[in-house]
Amino acid sequence: MKKKIIAILMIMTMLLSACGDEGSSNFVQELFKEETKEELTPAPEETVEKSDGTWAIYWYLCGSDLESENGFATDDLNELMQVKLPDNVKVVIQTGGAAAWQNEVISEKKIGRYEYSKDELNQIEEKKQANMGDGDTLKDFLKFCNKNYPADHKMVLFWDHGGGTPSGAALDENYEGDSLSLPEMKKAFEKTCEPDAENPPYDIIGFDTCLMATVDVANIFKDKARYLVASEETEPGIGWHYSSWVKALADDTTITPAELGKKICDSYYKECEKNDFAEEATLSVTDLSKIDPVLTAYNSFGDEALVKALSDGAFLGKFSRVAKKTENYGGNTKNSGYSDMADMGDLAKHAKDILPTNSQAVLDALDEAVVYQVKGKYKSHAHGLSCFINYSHDEELLYNYTKASGSEAFEHFYTYNLTDGFSEKGYDYVSKLLNGEKIEEKEHFNIKSLDNKKLKITDDNTAVLKVGKKNAKYLASVCYDLFVTYDDGETFVCLGTAGTPDDVVADWENGIFKDNFRGVWGSIDENPVYMEAVCMNDDYTIYQIPIYLNKKEKFLSVACDTATHEFTILGAQDEMEYGVAPKNVTKLKVGDKITPVLYVMTGDDVKEVKMDSFKVTENTAFAESDLGDGKYAIGFDMTGTDGKQVTSAFEMFEVKNGVMKYL
């Protein structure tokens with residue numbers, strides 16, 4: 001709170017001084033002088049030595065609920081104003097997009113434009129309220145900046161929520177959460193600059209947002225900037241550390257754009273470490289002059305997938321299971337919402353057996369293009385750029401992707417998977433790909449034939465689901481739901497989904513699946529919780545757990561290390577809203593109140609039920625706990641490659657004196 005007050009006083013001082021209100025200005029300066037002794041690192045007294053080149057940072061600061069509820073934008077402005085800039089560096093800021101600002105200077109009812117130079121922030125223009133999620137608003141800002149603040153080196157910086165390729169960035173909460181789509185960004189830039197792959201108009205395009213380090217974002221900016229700096233995963237609310245990387249520029253304006261990108265990454269990761277967010281942090285620098293080989297390899301990878309899908313009825317199932325193992329970002333569960341974004345390199349790595357021709361080419365091209373990245377322990381499979389995978393099987397997200405995609409092959413591949421066919425454009429593309437050969441009709445699979453399928457209980461007390469070879473090839477995943485039962489099996493309380501190799505023994509070749517229930521389940525301080533796996537790879541599994549944290553609905557992320565089987569609580573965040581990921585990841589603090597959420601099913605009626613609350617202590621931990629004696633049930637969930645899902649018949653079992661037995 002004290003930092004926010006300081007930021008307010010600083011901004012007020014600058015504006016009052018600019019308006020000529022000497023008495024008020026002096027009064028605020030006295031207050032500010034007193035506060036800064038403890039809180040702020042003062043800008044250096046010496047004038048920073050000039051270089052031959054000039055720098056301008058165009059900061060598109062869309063506050064959204066990140067500012068109105070948490071003051072994160074004010075915090076970052078405060079960080080910026082700790083740096084004294086040399087004469088040849090200026091920061092031009094446009095503010096908007098928030099229902100309220102946590103300072104006394106910026107208005108939520110207007111679009112504000114500010115210049116930060118040397119150590120002063122001055123308002124230079126005020127415009128009528130406008131939608132920061134609209135391409136014309138971005139276009140007007142870029143036009144204004146280029147006309148009034150030309151420079152030898154230019155950077156455009158987006159600040160707010162981000163949703164990856166399908167959803168874009170810059171969510172304006174004053175306009176029903178509208179955000180800038182990738183096509184809107186592309187149009188705004190092309191209307192205000194001359195794209196040039198050899199000599200692009202900007203040095204850096206930066207996204208201090210979630211999820212925007214995507215191959216499709218790189219594609220739209222490849223002839224507009226030299227480098228892209230962005231994150232594959234969600235960012236915590238602290239975001240980039242402005243007083244570090246802007247100071248690096250101020251101290252040495254001869255710094256190259258690539259070196260500045262590295263400073264942004266390193267300072268961000270250092271702050272994530274300081275605030276205990278580093279385990280899921282990602283940030284990368286991509287050389288956009290090298291993105292064309294990535295796109296070529298990726299599209300060939302997609303062509304290979306398309307041909308396989310058209311010739312092999314089992315391929316879509318194989319691809320879906322590879323996608324399930326791929327490191328993905330932003331949540332991607334029914335409860336938390338979907339971003340449909342996953343790491344491109346991890347997808348190529350896992351697909352080597354089913355797409356052997358082009359997988360390595362994708363990895364090699366990525367390695368050349370991504371010149372620097374930072375990543376945490378539980379994002380170690382990140383290669384720097386993500387790609388679209390239609391985990392949600394949502395037609396709107398797929399449609400948005402097709403409008404922004406950098407790979408025509410994958411547009412048609414995911415359309416074929418979801419709709420069983422192609423658009424007219426898709427038929428033309430595939431016909432050329434197959435050299436005019438007839439496109440065979442997709443094999444039809446009715447997953448409803450497996451609905452309520454009976455399980456077999458073996459002599460060794462194991463539930464077995466047999467779907468057969470033919471059906472198995474059309475399935476994307478098989479897992480089981482675990483229930484506690486009451487009222488003689490009339491009421492079922494779902495504890496979540498188990499689908500890791502530890503939980504299900506899967507024979508995909510023959511279509512046989514066995515439970516590996518071990519009598520334990522995930523819990524926080526021995527309070528059982530509903531849990532669902534988001535990402536499963538060889539090194540770790542990430543789970544999401546619905547809770548109420550201090551009476552606010554959240555999803556808690558928990559990681560399980562495969563080698564040690566130790567669990568780590570990573571943090572809590574909101575569900576996806578308006579198709580973009582939350583940036584306000586929070587850590588549990590001593591004294592926080594957690595209320596676990598379970599789901600109760602009676603007949604066809606499913607209700608969310610809040611369990612008993614408990615407080616976080618210094619020793620709060622996530623672990624597998626013995627479920628204890630009682631009656632339980634297992635039902636296998638089967639998901640087809642098109643996202644449709646059915647459940648087997650339930651089998652009841654009892655645990656008595658620690659011994660499990662199916663009834």
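These values consider heavy atoms only, across backbone and side chains, with no hydrogens, waters or symmetry-generated copies. Since the structure is predicted, the reported quantities are computational estimates derived from the model, not experimental observations. Numbers here are sequence positions counted from 1.
Enclosure of atom CG in Asp459 is not indicated, since only 12 or fewer non-hydrogen atoms of other residues, nucleotides or ligands lie within 6.0 angstrom. Atom NZ of Lys324 is surrounded by 12 or fewer heavy atoms from other residues, nucleotides or ligands within 6.0 Å. Within a 6.0 Å sphere centred on NZ of Lys349, other residues, nucleotides and ligands contribute more than 12 heavy atoms. Counted within 6.0 Å of CE on Met611, heavy atoms from surrounding residues, nucleotides or ligands total 12 or fewer; the atom is thus considered open. By the neighbour-count criterion of 12 heavy atoms within 6.0 Å, atom NZ of Lys308 is densely surrounded, having more than that number from other residues, nucleotides or ligands.
Judged purely by atom type and a 3.5 angstrom limit, Asp561 has no side-chain atom pairing as donor or acceptor with the backbone of Glu566. In this structure, the side chain of Asn516 engages the main chain of Asp502 through a donor-acceptor pair within 3.5 Å. Counting only distance, with no hydrogens or angles, the side chain of Ser167 and the backbone of Gly164 share no donor-acceptor pair below 3.5 Å. A distance-only check finds a donor-acceptor pair linking the side chain of Ser392 to the backbone of Asp394 [under 3.5 Å]. At distances below 3.5 Å, not a single donor-acceptor pair connects side-chain atoms of Glu232 with backbone N or O atoms of Met212. Between the side chain of His393 and the backbone N or O of Tyr391, at least one donor-acceptor pair lies under 3.5 Å. Within the 3.5 Å criterion, the main-chain N or O of Asn446 finds a donor-acceptor partner in the side chain of Ser449. Panel note: side chain Asp574, backbone Lys554; no donor-acceptor pair is recorded below 3.5 Å. Proximity of a side-chain donor or acceptor of Glu368 to a complementary backbone N or O of Ala365 within less than 3.5 Å is not detected. Here the side chain of Thr458 pairs a donor or acceptor atom with the backbone of Thr462 at under 3.5 angstrom.
Side chains of Phe413 and Leu316 form a contact here, defined as non-hydrogen atoms less than 4.5 Å apart. Side chains of Glu624 and His565 form a contact here, defined as non-hydrogen atoms less than 4.5 Å apart. Contact of the Thr415 side chain with the Leu398 side chain is registered, since non-hydrogen atoms from C-beta on lie closer than 4.5 Å. Between Trp508 and Val478, the closest side-chain pair of non-hydrogen atoms falls below 4.5 Å. Put simply, the side chain of Ile457 does not reach to within 4.5 Å of the side chain of Val464, judged on heavy atoms. Side-chain contact between Val597 and Val609: absent, with no pair of heavy atoms (C-beta onward) separated by less than 4.5 Å. By the 4.5 Å heavy-atom criterion applied to side chains, Glu304 and Pro356 are counted as neighbours. Residues Val484 and Leu495 are in side-chain contact: their nearest non-hydrogen atoms beyond the backbone lie under 4.5 Å apart.
Ala559 approaches Ile542 most closely through the heavy-atom pair CB-CD1, 3.6 Å. Of all heavy-atom pairs spanning Thr647 and Asp637, the tightest one is OG1-OD1, 2.8 Å. The shortest non-hydrogen separation linking Ser339 to Pro166 is O-CG, 3.9 Å. Counting all heavy atoms, side chain and backbone alike, Lys222 lies closest to Leu295 at NZ-CD1, 3.9 Å. Between Thr497 and Cys479, the closest heavy-atom pair is CG2-SG, 3.2 Å. Asn332 and Met341 get closest at one heavy-atom pair: ND2-O, 3.8 Å.
Separation of the Phe422 and Tyr416 ring centroids falls under the 6.0 Å cut-off. Checked against a 6.0 Å centroid threshold, the rings of Tyr486 and Phe492 do not count as neighbours. For an aromatic pair to be called close, the ring centres must be under 6.0 Å apart, and Phe636 with Phe513 fails this. A distance of 6.0 Å or more separates the ring centres of Tyr632 and Phe483. Aromatic pair Tyr543/Phe622: centroids not less than 6.0 angstrom apart.
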Test Asp481 against Tyr599 for side chain to side chain donor-acceptor pair (under 3.5 Å), laying out the working first.
CA-CA 11 Å; Asp481 290 330; Tyr599 300 94; over 6 Å; no

Before you tell me yes or no, could you show the steps for Phe650 and Thr485 under side chain to side chain contact (heavy atoms under 4.5 Å, CB included), namely the whole-Å CA-CA distance, both residues' side-chain angles and the distance that decides it to 0.1 Å?
CA-CA 11 Å; Phe650 290 169; Thr485 67; over 6 Å; no

Can you list the steps and then say if Tyr429 with Asp303 is a side chain to side chain donor-acceptor pair (under 3.5 Å)?
CA-CA 10 Å; Tyr429 184 91; Asp303 284 342; 2.6 Å; yes

Under the side chain to side chain contact (heavy atoms under 4.5 Å, CB included) rule, what do Met601 and Thr491 come out as? Steps first, then yes or no, please.
CA-CA 6 Å; Met601 184 171 66; Thr491 302; over 6 Å; no

Side chain to side chain contact (heavy atoms under 4.5 Å, CB included) between Ile545 and Phe555, worked out:
CA-CA 5 Å; Ile545 298 156; Phe555 289 90; over 6 Å; no

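With no hydrogens or angles considered, a side-chain donor-acceptor pair links Gln360 and Lys352 at under 3.5 Å. No hydrogens or angles considered: a donor-acceptor pair under 3.5 Å links the side chains of Ser231 and Thr282. Asp340 and Tyr414 form no side-chain donor-acceptor contact under 3.5 Å, judged by distance and modelled atom types alone. The closest side-chain donor-acceptor pair between Ser407 and Asn299 falls under 3.5 angstrom. In summary, the side chains of Asp507 and Asn510 do present a donor paired with an acceptor at a separation below 3.5 Å, with no hydrogens or angles considered. Residues Tyr540 and Glu279 have side chains that never bring a donor and an acceptor to within less than 3.5 angstrom of each other. Side chains of Ser431 and Asp428: a donor-acceptor N/O pair is absent below 3.5 angstrom, by distance only. For the residue pair Tyr298 and Asn219, no side-chain donor N or O sits within less than 3.5 Å of a side-chain acceptor on the partner. A side-chain N or O of His381 and one of Asp539 form a donor-acceptor pair less than 3.5 Å apart. Looking at Thr165 and Thr214, their side chains do bring a donor and an acceptor atom within 3.5 Å of each other. Side-chain contact of Gln544 with Ser336: a donor-acceptor pair under 3.5 Å is present, judged by distance alone. For the residue pair Asp346/Thr326, the side-chain donor-acceptor check at 3.5 Å is not satisfied.
Atom CG of Asn400 sits about 9.0 Å away from atom CZ of Phe388, to the nearest 0.5 Å. Atoms CZ and NZ, on Phe445 and Lys644 in that order, are 10.5 Å from each other to the nearest 0.5 Å. Atom CG of residue Leu180 and atom CG of residue Leu171 lie 10.0 Å apart, to the nearest 0.5 angstrom. The distance from atom CG of Leu182 to atom CZ of Phe221, rounded to the nearest 0.5 Å, is 7.0 Å. Going from atom CE of Met638 over to atom CG of Asp451 covers 7.5 Å, rounded to the nearest 0.5 Å. Atoms CD1 and OG, on Ile569 and Ser557 in that order, are 10.5 Å from each other to the nearest 0.5 Å.
Taking the charged nitrogens against the carboxylate oxygens, Asp312 and Lys318 do have a contact shorter than 4.0 Å, which makes a salt bridge.
For the pair Lys631 and Phe653, the cation-pi test (distance below 6.0 Å, angle within 45°) is failed.
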